Amino acid sequence: MPERPVKVRFPPSPTGLLHVGSARTALYNWLYARHTGGSLVLRFEDTDRARSTDDAVDQALRVLEWLGIDWDEGPIRQTERLPVYGEIAERLVTEGSAYRCYCTTQELDAERKQRQAAQLPLIYSGRCRDLTDEQRAAFEAEGRTPAVRFRFDPAGETVIEDMVRGVVQWDNALQGDFIILRSDGIPTYQFANPVDDIDAGITHVLRGEDLLSSTPRQLAVYRALGAPEPLFAHLPMILGPDKKRLSKRHGAVSVEEYRDLGYLAETMRNYLALIGWSFDDKTTVMTTPELVERFTIERVNRSPGVFDVAKLEWLNGEHLRLLEPGRFAEELQAYLERSGSPLAADRERVAEVAPVVQDKLRVLGQFEGFAGFLFGPAVYDDEAVGRVLDDPDAPRALESATEALRRVVEWDAGSIEEALRGACEETGLKPRVLFGPVRIAISGRTVAPGLFESLVLLGREESLERIATLGRRFAVEG
RNA sequence: GCCCCCAUCGGCUAGCGGCCUAGGCCUCCGCCCUUUCAAGGCGGCAACACGGGUUCGAAUCCCGUUGGGGGUACCA
């Protein structure tokens with residue numbers, strides 16, 4: 001095989017939301033193209049007119065953009081190239097590599113049922129393989145519109161050397177003649193896919209393992225057309241926690257959902273790369289440039305992998321912490337805007353608060369609940385408040401904290417900490433006993449950013465106000 | 001039914017005949033730190049599916065079994 005520069009492609013069918021499995025395939029193709037200095041072609045396989053939608057195309061484009069996966073050619077749509085497939089199919093018919101098939105769906109179904117019962121492989125019988133001109137004319141006269149079938153030579157076997165699976169072979173007798181052009185003239189995947197790959201000069205086909213068994217048919221098209229064959233790399237499937245094919249049943253399955261939950265694109269690239277590929281025995285957290293530099297097909301593994309949200313979440317925390325503080329604030333702001341959060345309006349505040357939450361969040365979506373009290377009135381969690389009300393030391397804690405905070409001269413984290421620790425000594429209360437009620441008083445919850453930083457951001461007046469408000473509840477309820 | 005692929009801790013994986021009393025990461029469980037939570041530090045539980053071979057030696061090679069996945073469409 002002559003050396004050609006690497007050219008890969010990502011050909012989703014726009015029939016729904018872009019799945020994490022498809023995204024992983026897109027990522028691998030992109031990483032391979034970038035790693036090798038090759039190019040990536042984006043193509044929408046929309047020959048299933050019933051299920052393909054423009055919305056799905058737009059959505060895929062948006063996801064790819066968000067993921068930072070860019071392409072060098074396209075996007076092209078197969079429905080824009082219909083005449084091309086028609087011409088090539090016609091050529092194959094003329095050359096004898098394909099023929100018109102007049103069988104109806106009902107006839108085909110009946111045939112299949114028979115074979116099923118006889119425990120035979122479910123392939124087309126070849127009934128229309130060698131029709132005479134008279135027979136064809138008769139069918140036409142009946143009003144039947146033919147589909148075009150590829151004449152698959154049943155002799156011998158098809159062998160490929162898959163880049164991840166090694167040698168894989170199939171008995172050609174078990175392939176059967178497959179349809180390349182439906183009776184309405186629209187090409188099938190088995191045909192349009194290789195035709196486009198040939199036209200684009202694709203050198204490597206990296207795709208999901210679910211497409212492995214369609215390889216012999218596509219290769220047959222390459223051969224019939226006398227085109228140079230690509231190298232194949234079939235990637236392991238991504239499974240749900242129950243080891244079944246990942247689907248909506250398993251929860252979030254589209255990339256967009258993870259984006260909306262507050263995952264970083266950087267995290268998705270890192271995580272997706274790790275299902276089915278590894279750099280070595282100890283590297284987990286990788287930036288995208290590192291991924292590009294390190295990605296090779298040789299290290300792609302063969303076995304299917306389970307999509308593990310827990311690890312994805314952990315990894316997102318890692319990437320959040322890796323962000324330079326300014327970038328973190330930007331990501332946070334962008335996320336809040338995109339998700340329509342009211343907090344997004346106060347950009348300055350977001351920038352102020354960002355530093356105190358950067359090392360605590362795992363996903364950006366936690367921000368509102370975590371730091372919302374710094375943007376407006378605290379939302380009091382009943383359980384947290386109950387904890388304070390049940391605490392016999394709480395009134396004293398709130399009181400002494402109030403006094404200490406009143407005395408603070410410079411309202412900064414250091415001075416506040418000093419003052420509150422002083423209050424601990426005066427009252428003899430342990431830090432956790434004294435700080436706990438204060439935290440709940442100002443934030444409404446037990447889980448929040450650092451106490452001192454929060455007090456600084458809230459300001460003295462508001463802080464004291466909130467502490468007093470909670471204190472008053474002892475009079476009423478306590 | 002038929003064809004193809006796969007098989008290491010609960011999950012992601014390292015391992016490409018001796019370096020393996022099987023390593024890393026996530027999860028989980030302890031402990032430490034501490035201002036709750038988170039983060040961080042330390043430690044722990046936990047796997048070569050099974051059965052035959054080959055070999056001086058097998059997680060690594062071969063065969064079979066079992067299990068899982070995919071395909072078998074005028075879907076892609």
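Every chain is numbered from 1 and lettered A, B, ... according to where its sequence line falls, protein lines coming before strand lines. Note that the structure is predicted; figures quoted are calculated from it, not measured.
- Between A/T47 and the phosphate of B/A76, there is a side-chain N or O to OP1/OP2 separation shorter than 4.0 Å.
- Note that A/R24 lies in the cation-pi zone of A/Y28, set by a 6.0 Å cut-off to the ring centre and a 45° limit from the axis.
- For A/R207, no side-chain nitrogen or oxygen approaches OP1 or OP2 of B/G70 to under 4.0 Å.
- Under 4.0 Å is where a charged nitrogen must lie from a carboxylate oxygen, and between A/R77 and A/E45 no such pair does.
- For the pair A/R149 and A/Y124, the cation sits on the ring face: its NZ or CZ lies under 6.0 Å from the ring centre, inside 45° of the axis.
- For B/C74, the OP1/OP2 oxygens have a side-chain nitrogen or oxygen of A/R112 closer than 4.0 Å.
- Look at B/A7: its Watson-Crick or wobble partner, with both distances under 3.5 angstrom, is B/U66.
- In this model, the phosphate group of B/A76 is not approached by any side-chain N or O of A/N193 to a distance below 4.0 Å at OP1 or OP2.
- Applying the 4.0 Å criterion to OP1 and OP2 of B/A76, one finds that A/R182 has a side-chain N or O inside that range.
- Applying the 4.0 Å criterion to OP1 and OP2 of B/G70, one finds that A/S213 has every side-chain N and O outside that range.
- Environment of CD in A/E90: crowded, with over 12 heavy atoms of neighbouring residues, nucleotides or ligands closer than 6.0 Å.
- In this structure B/C42 sits in a base pair with B/G30, meeting the Watson-Crick or G-U test at under 3.5 Å.
- Distances shown here put a side-chain N or O of A/K244 below 4.0 Å from the OP1 or OP2 atom of B/G69.
- Residue-to-nucleotide proximity on RNA chain B shows that, of A/R165 and A/F452, the 5′-proximal contact is made by A/R165.
- Between B/G11 and A/K243, a contact under 4.0 Å exists linking OP1 or OP2 to a side-chain N or O.
- Contact annotation: A/R362 does not reach the phosphate of B/C37 (side-chain N/O to OP1 or OP2, under 4.0 Å).
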